[in-house]
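Any value given below was found using the heavy atoms of this structure, including those in side chains, with hydrogens, waters and symmetry copies removed. Every chain is numbered from 1 and lettered A, B, ... according to where its sequence line falls, protein lines coming before strand lines.
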Protein chains: 2
Amino acid sequence: MNKPKLSDVAELAGVSLTTVSRVLNNRGYIGDKTRKKVHEAMEELNYYPNEIARSLFISKTYIIGVIFPTTNNPFYGQLIYHLENFCEALGYKVLLCNSGGREDKERAYLEMLQRHQVDGIIAGAHNRGIDTYHRSRMPIVSVDRFLADHIPVVSSDNYRGGELATQHLLERGCKHIFHINGRRSLETPANLRRDAYEETMKKHKMPYKTYVNVDDYSVRMFDENPKIDGVFASDDLIAGSVIREAMKRGINVPGNVKVIGYDGADMTRMLFPDLTTIQQPIEAMAKEAVHLLVKLINEGEKTAVENITLPVELIQGKTT
Amino acid sequence: MNKPKLSDVAELAGVSLTTVSRVLNNRGYIGDKTRKKVHEAMEELNYYPNEIARSLFISKTYIIGVIFPTTNNPFYGQLIYHLENFCEALGYKVLLCNSGGREDKERAYLEMLQRHQVDGIIAGAHNRGIDTYHRSRMPIVSVDRFLADHIPVVSSDNYRGGELATQHLLERGCKHIFHINGRRSLETPANLRRDAYEETMKKHKMPYKTYVNVDDYSVRMFDENPKIDGVFASDDLIAGSVIREAMKRGINVPGNVKVIGYDGADMTRMLFPDLTTIQQPIEAMAKEAVHLLVKLINEGEKTAVENITLPVELIQGKTT
DNA sequence: ACATATATGTCAACCGGTTAACATATATTA
DNA sequence: TAATATATGTTAACCGGTTGACATATATGT
């Protein structure tokens, strides 16, 4: 009761191995009745060609490895959804890797993907310093992360987003605006949001301070700054937790404190439509990443490394 | 500049193919210096064993196909995250398939997974009637969907969940409770939520009506039922859209209408913590599904088909 | 009638590892 | 010293398709 193979099909159809292979790959001349016989045999045997054997021979798997921290997040969940869709449309399959933000896991995944002979990798998980990224000549595109000099980055216009968010809070009359962001050690374009915030505040001669989203950052921020009246959170989840903390303290949003988030993923918009946020073009980012990667796969090192930056948009909600 | 292969390693290390293979697989006797030499050669060449070749020989890929509608959803996003984690912990990789609810895509994916020789499939995408599910002897476990008689289903206690939700609304004093659910044609245990709702209402001699979540169900529900004072939504996103519609009409939640959702995924809880909902044990479901599948893979048809049902929990928010 | 297109078969090499069988050589141990 | 454990090599078959070279036979066109 083993899996049927090509030779079983050939035998049942009463033709040669080569003929079956010709039918499968539409190569050479094949007669109509023969093609039919072969298809019937495949049907009857419930035969599926072994793609592993094929991959081995043609040295190509049509698999793309996708490494991100998690699918359990509105932004990544949506990004990965679109990545998978665009891959599928181009005939590629996706091997999913959730690094959970752990560098050791990421390194292990990277090695696994090489062993599995994936045709390319789309990564948005960690930072440079993982030498595997450097050493490998594997086609890689990163989303929202600097991985290595020769790896192109697809991201949205983070600086412009930070600027938009900060200006928006200023326009709404905020005087004491704070920013929350990840550790700077994570080398991601998201740091540009912070730069934009700080520079915009400086330009307006306003005091500024960035909190790092660790531990009880929300509690500390409110405790340390009684006059706080505006918060630019570097993502929508953080914005949500800031708003929760504010409500817990009886601080009215947007009355006393205005809060703007970042990302504007579909699910966030559905579950928290009132949130003012900077929306990233997630689907477009996925599209660019996949198309660029496939170009790299097909053209090899001829393709010049060029980063892609896409525009963001302010979505006015009721929290500012 | 081709990928280094085993023979390159052997040559550089000055040993035979067999010796390298022995080092890689820890088989037979190997001297310490030889092992070291081989490892150094692998390091120098940046060599990764070709898992495709290995898979072909051992007839096992250690890949599990995962088919769900999308990762762009709090419930599936979290479920898939945990599925991937448990797979990884057991040495399996995940090939991600987003069917987008389309039956043709699902069928295509199913065929692709067979061609790719995956060791098993975890599916929660569609309904029975896809004959591939029937014909294939491939180990399959489904989550929250009836696929075929011989395919075990892992789900939460949907009937109990529906009962809890309905009773909760009744206890909160609702008299005109409506339910929103998917089309019944989708053969999913989620239909039990509807059954529980309808039977519980019947038991309390209350009128009941279930709306199907197509088009403007929310608008219709409010238009047709001025006396509505309670809604049991079959998932949290629907609950969110019901609440939005209520607010649009100036209907206070929970003052005039109480709304309870279903799922209680992490992201929903973060973005909409006020929502009262029935929480499914998503991580536990993923764990059971993966472990059951791996058991099926290892033991083959000896393993009896047995469905797994896990308990749900009412989470009291501020919308009821 | 002859050139060419169409249809199918045979054979063997190949993709990159794995593994069993067997040979050989040194090291250890009873 | 003989028996055994350790260490490494050689050879070849195998996993399941793919492909090129070559042979052969019928069909079609001019």
Protein-nucleotide distance ([X], atom [atom1]; [N], atom [atom2]), rounded to Å:
{"X": "B:Asn50", "N": "C:dG16", "atom1": "CG", "atom2": "C1'", "answer": "6 Å"}
{"X": "B:Arg54", "N": "C:dG16", "atom1": "CZ", "atom2": "P", "answer": "17 Å"}
{"X": "A:Leu6", "N": "D:dG17", "atom1": "CG", "atom2": "P", "answer": "5 Å"}
{"X": "A:Tyr47", "N": "D:dG16", "atom1": "OH", "atom2": "P", "answer": "10 Å"}
{"X": "A:Ile52", "N": "D:dG17", "atom1": "CD1", "atom2": "C1'", "answer": "12 Å"}
{"X": "B:Ile58", "N": "D:dG16", "atom1": "CD1", "atom2": "P", "answer": "12 Å"}
{"X": "B:Lys60", "N": "D:dG16", "atom1": "NZ", "atom2": "P", "answer": "16 Å"}
{"X": "B:Leu45", "N": "C:dG16", "atom1": "CG", "atom2": "P", "answer": "14 Å"}

Pairing of B:Glu111 and B:Arg107 as salt bridge, 4.0 angstrom limit: no
Does either side chain, that of [X] or that of [Y], offer a donor lying less than 3.5 Å from an acceptor on the other one?
{"X": "B:Ser16", "Y": "B:Thr19", "answer": "yes"}
{"X": "A:His116", "Y": "B:Lys93", "answer": "yes"}
{"X": "B:Ser156", "Y": "B:Gln280", "answer": "yes"}

Could you tell me which nucleotide pairs with C:dG9 by Watson-Crick or G-U wobble geometry, both distances under 3.5 Å, or answer none if nothing does? D:dC22
Return the residues of residues 11-32 of chain B meeting this criterion: a heavy atom under 4.0 Å from some atom of DNA chain C. Order them by number, or give none. B:Ser21, B:Asn25, B:Arg27
Stepwise, does the side-chain contact (heavy atoms from CB on, under 4.5 Å) test hold for B:Asn73 with B:Phe68? CA-CA 11 Å; B:Asn73 169 294; B:Phe68 285 90; over 6 Å; no
Whether B:Gln78 side chain and B:Ala265 backbone form a donor-acceptor pair below 3.5 Å: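 No, because the side chain of B:Gln78 does not come within donor-acceptor range (under 3.5 Å) of the backbone of B:Ala265.
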